[in-house]
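Protein chains get the first letters and strands the later ones, always in sequence-line order, with residue 1 at the start of each.
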Amino acid sequence: MKFQKPKGTKDILPKDIHKWHFVEKTIREATKLFNFSEIRTPTFEYTELFKRGVGSETDIVGKEMYTFVDKGGESITLKPEGTAPVMRAYLENSLSAESPLHKLYYITSMFRYEKPQAGRYREHSQFGGEIIGSDSIDTDVELILLAKEVYNRCGINNFKLKINSIGKPSERKTYVNALTDYLKKHFNRLSEESKKRLGTNPLRILDSKSPDDLIITKEAPKIIEHLTKDSRNRFDLVLYELTRLGVNYEIDFRLVRGLDYYTDTTFEFISSDLGAQDALGGGGRYDGLIELLGGKPTPGVGFGSGIERLIIVAEKNGFTFGEPSSPKVYFIALNSSAKEIAFKIMMELRKKNISCETDLLVRSMKAQMREANKIGSDYVFIIGDDELKNQKGILKKMSDGSQQNVEFDKLREYLN
RNA sequence: GUGAGCGUAGUUCAGUUGGUUAGAACACCAGAUUGUGGCUCUGGGGGUCGGGGGUUCGAAUCCCCUCGCUCACCCCA
């Protein structure tokens, strides 16, 4: 094979495309029901945006970005996540001047240089939502509800919602100190990776999967205990509201998430139908991000969700995404003048939004019948010598094999 | 970046201790008294056995290198 797709990428073939269409349609319907507006941002941004917005100590920025210098000498990065670009667009276009509140969603490719694995690609698709301008707990909840709505509409009901609060930066600071003190006492038993992380980003040690780390972090001080009354209260209100609306959740004090910009609420949807990469989607609040990117202090909350993973989980649950589409009528034209008539009728039908197809390989009638059957046409319309003479074609209904003679210009009336 | 497993037709796989023109099923194409699908039957096309090197009279089969895929770690969607 001469050319192969780059590692970690994929082709979505015609036989599978209906799944994507279904998911995309579902996302657009759900976001509409929640009154979110779509925003599209560039595929690449200046590298600095992610360094600042996501955080230099994060894995995403530290080792996973597709970064290159363009011909103008600018450092460019293919977007590895959705929130920072949306915030950049929000600021650059002064959206706050139009309205104090924005509810935005996107569907787009993301790029991360990682080793591909089950449900993990170097180019993958995410849909995400952001609510900018309000710090109300209702916005946290609404985003969770939006994600849940999309999952449910794709036949996914068995996911688990994990939720936590990591508080305000000041609280987190005192907590990180307490955590660091605790971890230092167990330094020798920490995994190598965590030892390194203790100096750079101790919070991340909490979601290490290393068995040794797990034993240690299990007894570690919990961030909840370091929240102020206000933050604690806020978290409780989010939980209360979720409970009131019948949304099941599980508090996970280790859920700190991989991006630096989060504050207060963090959450993650996980599914046991995925492999080791069990996160279907995740997000949280980022009240400091816009200010960090040079805007006025503005609260916000958002989430991102992997579309490939969504499709994997939906399929494991037997969801079918509807049927691949097939043309309504397949025209079997048995000679060149029949073909001329067929194309004329097809042109009219297509204008009326009726899909048609005809043989383009000059094949035998039998072969054309087979083809019509294979692609799932509802009808076949046969035009041969006799039909040309009578100006009537044979309309055959594939489901029961019944057929009748139909005048060329009346065909439309016989289709349903 | 680390580790493990796997690479034979479009797909899923067989291929005996290395031994003649590498097989099956499904898919695809074409026929079955010549203008009618789905079932059945018959036939056909299609493989540099991932690639390169080596051992051997002889390699899909053994050895080395390489590429790719998959899964796990790390981390995430």
Is any side-chain N or O of A:K7 closer than 4.0 Å to OP1 or OP2 of B:C69?
yes
Do the side-chain N or O atoms of A:Q117 get closer than 4.0 angstrom to the phosphate oxygens (OP1, OP2) of B:A72?
yes
Only Watson-Crick and G-U wobble pairs with both distances less than 3.5 Å should count. Give RNA chain B in dot-bracket notation, marking inter-strand partners with |.
(((((((..((((.....[...)))).(((((.......))))).....(((((..]....))))))))))))....
Heavy atoms under 4.0 Å is the rule here; annotate nucleotides 28-33 of chain B 5' to 3' with B where the base is hit, S where only the sugar-phosphate is, and - elsewhere.
SSS---
Let's see if you get this right: which residues in residues 325-336 of chain A place a heavy atom under 4.0 Å from RNA chain B?
A:L334
A:Y175 side chain to A:P221 main-chain N or O, any donor-acceptor pair under 3.5 Å?
yes
Flag for A:S194-A:S191: side-chain donor and acceptor within less than 3.5 Å:
yes
Answer yes if the side chains of A:Y261 and A:E81 hold a donor-acceptor pair under 3.5 Å, and no otherwise.
yes
Nearest of [options] to any side-chain atom of [X]?
X: A:N373; options: B:G35, B:G38, B:U36; value: B:G38
X: A:I394; options: B:C76, B:C74, B:G35; value: B:G35
X: A:M369; options: B:C76, B:G68, B:G37; value: B:G37
X: A:I382; options: B:G37, B:U36, B:C76; value: B:U36

Taking the six-membered ring for Trp, are A:F267 and A:F303 parallel (under 30°), tilted (30 to 60°) or perpendicular (over 60°)?
tilted
Is NZ or CZ of A:K10 both nearer than 6.0 Å to the six-membered ring centre of A:Y121 and within 45° of the ring axis?
yes
